[in-house]
Undergrad: 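Just dropping this structure here.
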Protein chains: 2
Amino acid sequence: MTAAFDHVRQLLKQLPGLGLRSAERIALHLLAERPERLGPLLDALRSAASALRRCPRCGNLCEGELCAICADPRRDTRRLCVVERIPDLLALERAGAHDGRYHVLHGKLSPIQGVGPEHLNFAGLAERLDEEGVGEVILALSNDIEGEATCHYIRETFLTARPAVAASRIGFGIPSGGALTYADPATLKNAIDARRHWDTAGGAC
Amino acid sequence: MTAAFDHVRQLLKQLPGLGLRSAERIALHLLAERPERLGPLLDALRSAASALRRCPRCGNLCEGELCAICADPRRDTRRLCVVERIPDLLALERAGAHDGRYHVLHGKLSPIQGVGPEHLNFAGLAERLDEEGVGEVILALSNDIEGEATCHYIRETFLTARPAVAASRIGFGIPSGGALTYADPATLKNAIDARRHWDTAGGAC
């Protein structure tokens, strides 16, 4: 293959979810099979890159002064959901699972990978808790050691001093439609730990 | 999400192998998480698009006058391998399966999808057969009805009048490492049809 083609393929391969074969397929598509698609894509990426920035309040993507969620007066400001990354926010939005605002950390604490609090978007979180009338912080962070550590840090740094703000962590267990047979041991343990007791006094379920 | 972001996501989703989620992930990666990767990728795509063209002889990608394979004097010009697409050529090259030259059709005949001979790269094929000293045409086309029809067309149009040029079609059957249990009926039928008889006179295998 030519050097120019190989360079494109190598850069595409660095993108998330793309291996050498899929990067090659996309490079061939844009450079040989459907070259008419390349110009519009380059234009869209270039103009999006100059139009988009991080919402100064929550860290979500935005084009204007604030992101669409922070700027939406219908969002319930009492519940603030903390997520690691924008895709997590998008997934919760698609699910319609949260009608409050978000705070995007852009990562999670990881001493092993050298990610400390100074690398995460904690800027303004204290002010938000004090000024936006937040009654509950929902920690929607990963179900792993780093997610756990990040939750612990947030509790110690932001929540211990604010007893009026409730804190919760999203539930862990068997996913919707998931079969116990195929669940891994950690998930099964989570599911047992997160069991909800029934009120059997009321009668049959 | 913002309009600029959504536009990028929609265009990325049109690329082969990308769905909405993977397109979104790549858009976020380039626009929010690793924006420093966007510039080099745009530059590489832009310069590759202006540097690359189809090899006028075989239809492969090339930067110079001919592609690297057509320009390579070590390639065996006696065997010409006809493929549908450049990725097929790349796969054969990676496998080291063919040391001759190629001819890339950029598609296959498909009356249902309105693809006739005039849409495929048959230009120059007759001249190549006459001038390059081709002794065998290896038809490395898909194992489906369209691939079959394309082979038939090539035979009638180019090979019947040239009895000195041998023609072959690549073998079909169980892939390397493949288990019979999971093979589909058409593959199993191909495999039986393509069976090779052993020379049992020589002793045990």
Undergrad: At a heavy-atom distance under 4.5 Å, which candidate from B:P87, B:A91, B:P35 has the highest pair count against chain A?
TA: B:P87
Undergrad: Ignoring hydrogens and geometry, is there a side-chain-to-backbone donor-acceptor pair from B:E63 to A:A3 under 3.5 Å?
TA: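 The answer is yes, because a donor-acceptor pair under 3.5 Å joins these two groups.
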Undergrad: Within a radius of less than 6.0 Å around CD of B:E136, do more than 12 heavy atoms belonging to other residues, nucleotides or ligands occur?
TA: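 Atom CD in B:E136 is packed in, count exceeds 12.
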Undergrad: Applying ring pair (Phe, Tyr, Trp, His ring centres under 6.0 Å), can you list everything that pairs with A:F172, at least two apart in sequence or on another chain?
TA: none
Undergrad: How long is the gap from CD1 on A:I86 to CZ on B:F5, to the nearest 0.5 Å?
TA: 7.5 Å
Undergrad: Within a reach of under 6.0 Å around CG of B:L188, are more than 12 heavy atoms found that belong to other residues, nucleotides or ligands?
TA: yes
Undergrad: Take a 6.0 Å sphere around CD of B:Q10 and say whether it holds more than 12 heavy atoms from other residues, nucleotides or ligands.
TA: yes
Undergrad: At their closest point, which heavy atom of B:A32 faces which heavy atom of A:R54, and how far apart are they?
TA: O-NH2, 4.0 Å
Undergrad: Which distance, rounded to the nearest 0.5 Å, do you find between the CZ of B:R37 and the CG of A:L11?
TA: 9.0 Å
Undergrad: What distance do A:L30 atom CG and B:L52 atom CG have between them, rounded to the nearest 0.5 Å?
TA: 11.5 Å
Undergrad: Relative to chain B, which segment of A:L45 carries a heavy atom at a distance below 4.5 Å: side chain, backbone, both, or neither?
TA: both
Undergrad: Find the distance between CZ (A:R85) and NE2 (B:H29) and round it off to the nearest 0.5 Å.
TA: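 The NE2 atom of B:H29 is 10.0 Å from CZ of A:R85, to the nearest 0.5 Å.
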Undergrad: How long is the straight-line distance from CG of A:D6 back to CG of B:L61, given to the nearest 0.5 Å?
TA: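 Interatomic distance, B:L61 CG to A:D6 CG, rounded to 0.5 Å: 11.5 Å.
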Undergrad: Sort by residue number and list every residue of residues 14-21 of chain A having at least one heavy atom under 4.5 Å from chain B.
TA: A:Q14, A:L15, A:P16, A:G17, A:L18, A:R21
Undergrad: Atom CZ of residue position B:R78 - does it have more than 12 heavy atoms of other residues, nucleotides or ligands inside 6.0 Å?
TA: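 Atom CZ in B:R78 is not crowded, with 12 or fewer foreign heavy atoms closer than 6.0 Å.
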Undergrad: Please give me the minimum heavy-atom distance between B:L38 and A:A49, naming the atom from each residue.
TA: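 Of all heavy-atom pairs spanning B:L38 and A:A49, the closest is CD2-CB, 3.4 Å.
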Undergrad: I'd like to verify something: which residue of A:E33, A:E93, A:H106 has the highest number of heavy-atom pairs under 4.5 Å with chain B?
TA: A:E33
Undergrad: Does any backbone or side-chain atom of B:I26 lie under 4.5 Å from a heavy atom of chain A? Answer side chain, backbone, both or neither.
TA: both
Undergrad: Does A:R94 pair with B:E24 as a salt bridge, N-O distance under 4.0 Å?
TA: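 Looking at A:R94 and B:E24, the cut-off is met.
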Undergrad: Which answer fits A:C67, side chain, backbone, both or neither, if we ask what part of it has an atom under 4.5 Å from a heavy atom of chain B?
TA: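 Neither part.
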Undergrad: Between A:A27, A:G64, A:A48, which residue shows the highest count of heavy-atom pairs closer than 4.5 Å to chain B?
TA: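 Most heavy-atom pairs within the cutoff with chain B belong to A:A48.
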Undergrad: Could you state the interatomic distance from CG (A:L90) to CZ (B:R25), rounded to the nearest 0.5 Å?
TA: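 Here the interatomic distance stands at 13.5 Å.
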Undergrad: Please say whether more than 12 non-hydrogen atoms of neighbouring residues, nucleotides or ligands are located less than 6.0 Å from CD in A:E36.
TA: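 Yes, because the 6.0 Å sphere around CD of A:E36 holds more than 12 heavy atoms from other groups.
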